[in-house]
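One structure below.
Atoms within a ligand are numbered from 1 in the order they appear, just like the ligands themselves.
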Amino acid sequence: MIITVYPIQKKGEKMVDANHKYDVYMKKGKLKFTPNMPDYDKAYKGFKWEDHYKELDWAPGKPLNVAHVAVERHALGPNANKTALIYVGENTEQRLTYKELHLLSNKFANVLKKYGIKKGDRVFLFISRVPAVYVAFLGILKAGAVASTLFGAFGPQAVKDRVGDAEGIMVITNATLKDRVDAVRPEMPALKHVLVVGAKEQMPGTISYEKEMEAASNKFTMEQTQPEDPCFMLYTSGTTGHPKGVIHAHMAILQEYMTSKWVLDLRPEDIYWCTADHGWVTGIAYGILGPLAVGTTILLYEGRFSADAWYSTLQKYKITVWYTAPTAIRMLMKEGKDITKKYDFSTLRSIYSVGEPLNPEAIREGLDMFGLPFHDTWWQTETGAMMITNYPCMDIRFGSMGKPFPGLAAGIIDDNGKELGPNEEGNLALRPGWPAMMRTIWKNKEKYDSYFKNGWYTAGDKAWKDKDGYFWFIGRADDVIKTSGERVGPFEVESALIDHPAVAEAGVIGKPDPVRGEIIKAFITLKKGFAPSDKLKEEIQQFVKKRMAAHAFPREIDFVDSLPKTRSGKIMRRVLKAKELGQPIGDTSTLEND
Ligand code: PRX
């Protein structure tokens with residue numbers, strides 16, 4: 001099945017060694033279908049975004065509302081009674097057609113209007129994976145408001161850092177997560193309403209979703225938003241400071257739709273499962289908007305991860321297209337290949353991965369487990385949609401992120417913005433102006449501007465390009481941590497750590513981990529009167545988990561006497577990381593306490 005072009009990489013080896021060796025999965029003769037994009041080079045050459053406007057039922061000069069593209073036009077056309085959503089809960093299953101989703105989201109838009117939500121207001125979703133997410137998200141867009149989502153593992157501090165910063169007017173949550181909003185509600189003066197979904201009875205100080213939905217009309221005239229109006233906003237982490245609110249415009253749907261069609265190869269008859277949570281950008285762009293725009297059937301799985309539960313879901317619901325992440329793939333691999341023999345995955349047509357490096361081993365094992373290669377896709381919260389990807393029609397070079405989507409130009413540049421040639425390592429960059437590109441960062445133009453230099457958008461990733469135009473990921477250029485594919489800023493974790501009464505100072509790094517990609521590791525100095533102990537470690541971990549986020553706590557903590565700092569007092573994470581990995585420390589001329 002695999003054509004080995006060069007010697008095969010072995011488990012534990014670097015993604016690609018200095019001689020750039022790789023395996024190739026050739027598609028020729030193996031594809032049992034004609035992809036929506038049958039020829040990459042041809043599509044890339046002749047591509048113009050404007051040739052696809054019509055597919056969105058939109059033309060320049062007209063208003064554009066994503067909710068029209070994603071649900072209304074299907075509900076008013078021949079797809080009205082087609083299933084949009086299959087929800088698989090713990091003990092329940094629910095299906096919604098496009099028409100039902102349209103009418104329910106109309107109702108929700110009316111509820112928002114009743115509570116005074118207007119165009120441009122920020123409305124947050126802090127809720128588990130239930131159908132109300134789709135109803136509310138689309139309802140928010142119909143009302144012209146800006147939808148924002150929060151990961152369910154966030155603690156009160158993380159909620160406050162985001163909702164507070166965005167001056168969110170409403171939070172939509174459920175009975176279990178509501179306490180975390182309540183804990184910081186006095187610190188979010190702009191927050192007027194907390195709407196609770198699925199509570200047995202109305203909770204004091206909140207609006208009941210069920211009660212309001214029952215009373216609301218299912219007729220609603222959608223806000224006539226413009227393509228450049230804000231549509232959704234997502235907080236994401238960088239090296240420094242608190243997370244920033246990345247704002248996307250309605251126009252992003254063009255790229256979300258096109259990539260759903262040409263990368264994920266979605267068609268209306270598919271049953272598609274995206275395992276990403278709606279608290280992250282993948283869960284929005286490819287868990288909600290792109291696939292709905294194509295008119296496909298989305299599976300929404302609420303449960304937790306287990307190999308058996310996931311394999312049963314793939315089999316039972318006859319999933320045809322599956323979008324997941326490397327950590328999940330590696331966790332499945334850990335369970336062994338034998339268990340996959342119990343299941344029938346014959347309905348699967350194409351499988352995809354995102355969020356962190358997809359190691360060649362995962363593609364190789366994926367081939368054994370599913371009979372299909374995982375297609376890697378590279379993009380970011382800021383890019384709003386897929387940028388560099390592997391396509392059903394294109395051979396896969398194991399370990400490569402693939403090639404830029406048609407209509408996009410990517411390059412590798414040095415620190416001065418000069419474009420580098422093949423096989424040279426540098427900064428991954430893109431020519432600005434793609435449809436899904438973030439339009440601004442909430443109240444932080446300076447941060448927004450910092451992405452753009454010398455006519456390029458710089459992604460913050462190190463990468464290289466081979467002579468045939470395939471891009472290869474090397475690592476982050478900054479201190480951003482990717483743990484289980486989830487983006488965590490070290491500053492946020494450090495801030496949470498120093499709030500603990502025993503902690504004087506903290507430095508946080510990402511430490512390579514064979515399953516999670518990276519784990520969070522903290523180096524801590526203690527205040528006078530506190531002594532290192534395992535009990536204290538555990539207590540500090542629980543403290544961060546509860547306050548900040550259950551997924552973003554340090555799995556490893558080292559107590560140290562001092563931390564490496566610059567003369568101006570900044571903790572040098574780079575030095576901590578190099579020491580941890582046994583690598584050369586590099587330039588320490590600015591180090592204070594070497
Ligand atoms: O470092 C890259 C990594 O994830 C970062 C973006 O994270 P986030 O905004 O959370 O979006 C993730 C989902 C779209 C990137 O700067 N990353 C993303 N995809 C890949 C990746 N690293 C390696 N390979 C990928 N395919």
Side-chain angles (χ1 to χ4, degrees), residues 14-16 149-151 153 232-239 243-248 252 255-256 259-260 263-264 274-290 323-330 351-360 362-363 374-391 396-405 410 427-430 436-438 441 451 457-464 470-489 492 510 512 516-518 549 551-552:
K14 267 182 71 179
M15 293 267 284
V16 179
T149 58
L150 300 169
F151 187 40
F232 73 89
M233 177 183 191
L234 203 51
Y235 274 79
T236 196
S237 305
T239 290
K244 318 272 187 303
V246 168
I247 295 187
H248 288 289
Q255 193 174 340
E256 290 158 1
T259 46
S260 295
V263 183
L264 298 174
C274 169
T275 61
D277 189 90
H278 55 266
W280 307 115
V281 73
T282 309
I284 295 177
Y286 299 101
I288 306 177
L289 303 177
Y323 196 16
T324 187
T327 294
I329 298 167
R330 290 188 291 259
I351 56 181
Y352 299 85
S353 167
V354 67
E356 35 168 342
L358 177 66
N359 44 314
I363 304 186
F374 278 103
H375 294 73
D376 194 11
T377 64
W378 177 93
W379 57 294
Q380 307 178 292
T381 305
E382 296 90 329
T383 69
M386 295 176 186
M387 302 296 284
I388 298 177
T389 74
N390 288 277
Y391 306 88
I396 292 175
R397 297 189 174 178
F398 289 34
S400 162
M401 308 186 287
K403 295 188 182 186
F405 190 79
N427 303 301
L428 180 56
L430 301 141
M437 190 178 89
M438 63 173 168
I441 287 181
Y451 285 86
Y457 162 93
T458 34
D461 284 346
K462 293 274 178 198
W464 60 278
Y470 281 81
F471 282 78
W472 302 74
F473 182 81
I474 297 169
R476 281 295 299 185
D478 56 19
D479 296 337
V480 165
I481 300 166
K482 264 301 171 109
T483 180
S484 301
E486 283 148 5
R487 184 162 159 181
V488 176
E492 259 194 295
R516 293 190 162 85
E518 285 184 321
H551 70 290

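- Tested against M438, the residues Q380, E382, M233, K244 include a single side-chain contact (heavy atoms from CB on, under 4.5 Å) partner, E382.
- Using a heavy-atom distance under 4.0 Å as the criterion, the protein contacts of ligand 1 are V281, T282, V354, G355, E356, P357, D376, T377, W378, W379, Q380, T381, D461, F473, R476, K482, R487.
- Residues F405 and K403 fail the side-chain proximity criterion, which asks for heavy atoms closer than 4.5 Å.
- Side-chain atoms of H248 come within 3.5 Å of backbone N or O of A436 as a donor-acceptor pair.
- By the 4.5 Å heavy-atom criterion applied to side chains, T236 and V281 are not counted as neighbours.
- Contact of the V354 side chain with the Y286 side chain is not registered, since no non-hydrogen atoms from C-beta on lie closer than 4.5 Å.
- For R476 and E518, the salt-bridge test fails: no basic side-chain N is under 4.0 Å from an acidic carboxylate O.
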